[in-house]
Amino acid sequence: LGQAYHVLAMERYWMGHPAQGVEYCQHAIAALEHLGADERLGMAYFVLGLNALSLGCFDQALEAAARVDAIGAATADRRLQTFAAWSTGWIQTTRGEWEAGIASCQRALERSADPLNTAFATGCLGYAYLEQGDLVRAMPALEQAVQSLHQFGYWRLEGLYTTLMGEIHLRRGDLDTARTLALQGLHLTSETPYRIGIAWA
């Protein structure tokens with residue numbers, strides 16, 4: 001039951017219905033809590049954080065990420081700890097805490113034990129640099145993330161990070177390249193679909 005609610009909550013996140021995603025996460029957590037420190041419970045908290053962030057509920061999102069990190073530490077699960085670190089970085093960056101966001105994303109890269117999580121963390125680091133206004137460091141991080149995610153066929157975040165690359169070109173005044181990248185991002189996120197990515201593009 002907990003796993004089923006977790007899948008529904010993740011689907012609600014991708015489809016742009018985060019309030020219902022939070023509700024499904026709460027059901028998932030209630031069903032999985034008896035397992036104690038368990039990877040499935042950690043992932044339910046991770047998805048809760050994503051949905052809470054989409055609603056602008058930063059404190060709830062950070063609390064969820066902290067629970068993911070605690071479960072990862074208790075079980076020596078580096079994958080969970082990496083998820084916790086880069087999602088924390090994304091949350092911090094989104095509410096304007098750029099230095100903290102960069103530090104969290106760098107911590108995620110240090111902890112990462114698999115190439116997909118490394119790609120997620122690298123893209124988040126690029127986003128943090130972009131929001132800070134450091135376009136020089138933002139571009140190579142986003143380019144690396146896009147290349148890796150393309151190899152994995154992970155179109156959702158490939159599309160989002162491609163759009164962010166377009167944002168860099170927009171800020172530099174290269175409108176044609178910015179438009180091309182934004183349209184590529186829109187295509188990728190529409191095909192998946194990923195509503196937040198579509199909106200950003």
Kindly write out the residues that satisfy ring-ring contact (aromatic ring centres under 6.0 Å, His included) with Tyr129, not counting sequence neighbours, or none if the list is empty. none
Members other than Leu175 in its cluster, when Ile, Leu, Val, Met, Phe, Trp, Tyr link by side-chain heavy atoms under 4.5 Å? Leu170
Under 3.5 Å, is there a donor-acceptor pair between the Gln92 and Ser104 side chains? yes
Does this structure show an ion pair linking Glu23 with Arg12, if we count only N-O contacts that are shorter than 4.0 Å? no
Any salt bridge linking Arg107 with Asp69? Criterion: basic side-chain nitrogen under 4.0 Å from a carboxylate oxygen. no
Taken in chain and number order and not counting sequence neighbours, the residues that satisfy ring-ring contact (aromatic ring centres under 6.0 Å, His included) with Phe58 are none
Ion pair present between Asp59 and Arg95, side-chain N to carboxylate O less than 4.0 angstrom? yes
Do you see a donor-acceptor pair shorter than 3.5 Å between the side chains of Trp98 and Asp134? no
So with a 6.0 Å cut-off around NE2 of His150, is the heavy-atom count from everything else above 12? no
With the threshold set at 4.0 Å, does a side-chain nitrogen-carboxylate oxygen contact exist between Arg40 and Asp38? yes
ring-ring contact (aromatic ring centres under 6.0 Å, His included) between Trp200 and Tyr127: does it pass, once the steps are laid out? CA-CA 13 Å; Trp200 209 309; Tyr127 166 63; 5.8 Å; yes
Hey, do the aromatic rings of Phe120 and Trp90 have their centres closer than 6.0 Å? no
Residues Glu99 and Gln132: side-chain donor-acceptor under 3.5 angstrom: yes
Would you call Glu63 and Arg67 a salt bridge, using N to O less than 4.0 angstrom? no
